[in-house]
Protein chains: 2
Amino acid sequence: MSDQTLMNAFAALAQPTRLAVFRLLIREGPQGLPAGEIARRLKVPQNTLSAHLAVLARGELVRSRREGRHVIYAADLEGVRRLILFLTRDCCHGKPERCEALVNALLPSCGGMSAER
Amino acid sequence: MSDQTLMNAFAALAQPTRLAVFRLLIREGPQGLPAGEIARRLKVPQNTLSAHLAVLARGELVRSRREGRHVIYAADLEGVRRLILFLTRDCCHGKPERCEALVNALLPSCGGMSAER
DNA sequence: TTATTGTTTCAATATTTCCAGAAACAACGA
DNA sequence: TCGTTGTTTCTGGAAATATTGAAACAATAA
């Protein structure tokens, strides 16, 4: 991922409406939601939301697909993963012990998966 | 962490100079670097850098302490952790299997710690 | 005290982002 | 074809951010 995409992603999440959209889409999962439905739920004008969705897409945090008249937006988990990876990789760069606290704090939040590995 | 702090953190990382400062400080570890030294290394005027450091501090990504004439800046790993936690928690909210790919991708980057847990 | 070094704050300009009305575009049904 | 619904693009003005010279502030030494 280029630094530009990385910064686009961070910039995308630095705005209340877009943060709300991101949270919503993460919760909706891979099937996503039509642009209009997102606008309705968040009570944002459709053209304003469209601009915000474009910003999120530039940061590779959401993807869109057309289904008939609808344009469906869904979170791009690959993009999220790269963001987390960036934060984590730089964090324990060369010093795993510095990362330990991070990982320990991270795993329990993932539905008890820590017990399995 | 408030949404405002969260957005401040994302906004802080959405600018090339600040991204560079963040990377530098993460690598320098807890002892950190004086503001002037950061400015010298990144070839940024000191007053410009000072403004950027203030933005990073507002996002709780760096902390400062005074040592004599120097003001030392160091990465705030707690802040980074909260960022990662936000991204991860929202991501696997209620559906751990959705998170699995994330965590698997995450652990190997941390110096082989995955083998130990 | 004065001088020196390190850093931040102030002030002003340039650039970017945010927002929403209006218009255009896209897909479908009648 | 035309009309309707869903979405994006265009446009312009308001608000926020970036940058840096100059001034102020802080700590120390002479």
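Quick note on labels: first sequence line is chain A, next is B, and so on, each numbered from 1.
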Of all the choices, C/dG6, C/dC18, D/dT8, which nucleotide is nearest to the side chain of A/Val71 once you look at every atom?
D/dT8
At what distance, to the nearest 0.5 angstrom, does CD of B/Gln15 lie from NE2 of B/His52?
4.0 Å
Expressed in angstrom and rounded to an integer, what is the separation of B/His70 atom NE2 from C/dT4 atom C1'?
13 Å
Which one, C/dT7, D/dT7, D/dA18, comes nearest to the side chain of A/Gln46?
D/dT7
I need the residues from residues 34-41 of chain A with at least one non-hydrogen atom less than 4.0 Å from DNA chain D; give them sorted by number, or say none.
A/Pro34, A/Ala35, A/Gly36
B/Tyr73: which of B/Ile38, B/Leu56, B/Leu49 passes side-chain contact (heavy atoms from CB on, under 4.5 Å)
B/Ile38
For B/Leu53 and D/dA18, what is the distance between atoms CG and P respectively, to the nearest whole Å?
13 Å
A/Gln15 CD to C/dT17 C1', in whole Å, measures 9 Å
Taking atom C1' of D/dA16 as reference, at what distance in whole Å does atom CG of B/Asn8 sit?
13 Å
Whole-Å distance separating the CD1 atom of B/Ile72 from the P atom of C/dT5
18 Å
Starting at CD of A/Glu37, measure out to CD of A/Gln46 and round the result to the nearest 0.5 Å.
10.5 Å
Distance, rounded to the nearest Å, where B/Leu33 contributes CG and C/dG6 contributes C1':
15 Å
Between the protein and nucleotides 12-16 of chain C, list every N/O to N/O distance that falls short of 3.5 Å.
none

A/Arg58 side-chain N/O to A/Asn8 backbone N/O, donor-acceptor pair under 3.5 Å
no
Would you kindly give the CZ-to-C1' distance between A/Arg58 and C/dT17, to the nearest whole Å?
10 Å
Round to the nearest Å and state the distance from B/Lys43 atom NZ to D/dT20 atom P.
15 Å
Is the phosphate of C/dT7 approached by B/Ser50 (side-chain N or O, under 4.0 Å from OP1 or OP2)?
no
Do A/Leu19 and B/Val55 sit in the same hydrophobic cluster, where Ile, Leu, Val, Met, Phe, Trp and Tyr count as joined when their side-chain heavy atoms come under 4.5 Å apart?
no
In this structure, CG of A/Leu25 is separated from CZ of A/Arg63 (nearest 0.5 Å) by 11.5 Å
Of D/dA18, D/dA22, D/dT8, the nucleotide closest to the side chain of A/Asn47 is D/dT8
In B/S/- notation, 5' to 3', how is nucleotides 23-30 of chain D contacted by protein heavy atoms closer than 4.0 Å?
---SBB--
What distance do B/Leu33 atom CG and B/His70 atom NE2 have between them, rounded to the nearest 0.5 Å?
11.5 Å
